Amino acid sequence: MNELQQQILELKRTKNAVILAHSYQIPEIKQIADFTGDSYQLAVQAKNTDAEIIVFCGVHFMAETAKIINPKRTVLLPSLDAGCALADEITAEQLRNWKAKFPSAPVVLYINSTAAAKAEADVVCTSSNARKIVQSLPNHQILMAPDKNLSNVIAQELPEKDIIAWDGVCPVHQDITAEILESVMAKYPTAEVVVHPECRPEVCKNADAVLSTSGMIDYVEQSNATEFIIGTEQGLIDTLIEKFPQKRFFPTHEPKSCDESCVCPYMKSNNLDNVLLALKNMQHEIVVEESVRVGAKRSIDRMLEITI
Ligand code: SF4
């Protein structure tokens, strides 16, 4: 532990705070986190914590979700730059107008969305439970937003459903092209290929498995293979290297550099300096207007009821 990490841990203890970190965070943050996981696991942790303060080392929609489901806690987001390009792909107003065109179709909204958009949805999903959520709905026609690649994966898995997808993408995963993946596969022909459902369909088609970040960790643990090509943000690859030192992991961003792709600038805007400042100065506190919070909580609770 370095000095900064020790100062954070001391403040965390005296202020009765908990640090929740997404898998895409830098290793130095994950080392001091009480819990590291994907957006679904972090939402469950946020719901169940009795700490006074949640320092959310992730992006804004995740911190908002924590505040929505556990409003008595003070939720702090260390970096003001920790937005999400995918969450910005659909506004509440756009969602309202879209819904109006398909009045009998329920809206399954990816958790990577704003609180205001969640308040317009019927049920929220994450990449780890999207299939289960869609399957649980009796309707044939279903609207899914904002990630068209995740929606496409679910449409392939559940052909009995008519899934209408919003045209949004995560630019970090969209940067992984079939050509890049093929060049890495040619270099490591025996490696198993595991990619995130936010990747392009032509990338998912070439993969042995299409999984959420927590699903990827479980897959690697259970697989007899020793080499894996991983198609998601670099932070998850850092976690896999640490958890499974006897296995080898190759990112899909070769031969490009990490700076060019597969590093989420929003996730990486959190660092030890701003985590310390968050705890010292109680910044930046997440506030969700009550009518929005109640609406968004309904769609998140519905997800939790289906999956817990
Ligand atoms: S990787 Fe970054 S931009 Fe993409 S969905 Fe996650 S937080 Fe948003």
Side-chain angles (χ1 to χ4, degrees), residues 20-27 29-30 33 36-43 46 56-66 75 77-91 108-118 121 124-130 144-154 165-177 180 194-200 203-204 210-217 230-240 251-253 256 258-271 274 284 286:
L20 301 183
H22 190 269
S23 303
Y24 296 164
Q25 293 296 291
I26 57 171
I29 288 181
K30 288 190 274 195
T36 299
D38 64 17
S39 45
Y40 175 74
Q41 293 169 321
L42 292 171
F56 212 110
C57 298
V59 293
H60 189 267
F61 75 81
M62 297 177 178
E64 242 182 9
T65 300
V75 180
L77 183 66
S79 168
L80 279 179
D81 294 327
C84 168
L86 177 56
D88 291 341
E89 290 271 30
I90 190 162
T91 64
V108 176
L109 191 68
Y110 195 24
I111 199 164
N112 299 34
S113 52
T114 63
K118 286 185 180 80
V124 165
C125 75
T126 68
S127 52
S128 61
N129 64 26
M144 278 190 85
D147 189 89
K148 69 174 177 187
N149 292 334
L150 172 68
S151 308
N152 177 66
V153 168
I154 303 305
W166 185 259
D167 188 17
V169 294
C170 157
V172 178
H173 289 89
Q174 190 73 0
D175 267 359
I176 303 171
T177 62
I180 294 173
V194 189
V195 305
H196 194 277
E198 287 169 23
C199 291
R200 295 163 183 265
V203 168
C204 294
V210 180
L211 295 165
S212 66
T213 52
S214 58
M216 287 181 179
I217 295 171
I230 302 293
T232 194
E233 213 270 355
Q234 179 62 36
L236 198 268
I237 299 174
D238 296 337
T239 296
L240 291 171
T252 40
H253 38 277
K256 292 169 91 183
C258 290
D259 292 341
E260 284 176 314
S261 66
C262 257
V263 170
C264 174
Y266 307 102
M267 286 281 183
K268 291 324 196 231
S269 66
N270 295 312
N271 53 46
N274 56 33
H284 307 92
I286 299 293

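We count ligands from 1, going down the list as the structure has it; atoms in each ligand are counted the same way. Nothing here was measured: the structure is a model prediction, and the numbers come from that model.
The tally of protein N/O/S atoms under 2.8 Å from atom 2 (Fe) of ligand 1 stands at 1.
Every atom of ligand 1 with a heavy atom of E198 under 4.0 Å away is listed here by number and element: 5 (S).
For the pair P146/L109, a side-chain contact is recorded, criterion being any heavy-atom separation below 4.5 Å from C-beta on. Considering only heavy atoms from C-beta on, V263 stays 4.5 Å or farther from V172 through its side chain.
Among protein heavy atoms, atom 5 (S) of ligand 1 sits closest to N112 ND2, 3.2 Å.
For the salt bridge (charged side-chain N to carboxylate O under 4.0 Å, His left out) test, no residue two or more places apart in sequence or in another chain qualifies with E64.
In summary, the side chains of E89 and N112 do not present any donor paired with an acceptor at a separation below 3.5 Å, with no hydrogens or angles considered.
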**Study point:** Worked verdict on T232 versus Y24 for side-chain hydrogen bond (donor to acceptor under 3.5 Å, both in side chains)
**Key:** CA-CA 9 Å; T232 194; Y24 296 164; 2.7 Å; yes

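When each of K268, E233, M267 is checked for a side-chain contact (heavy atoms from CB on, under 4.5 Å) with Q25, only M267 meets the rule.
Checking side-chain atoms of K118 against main-chain N and O of S113 turns up a donor-acceptor pair under 3.5 Å.
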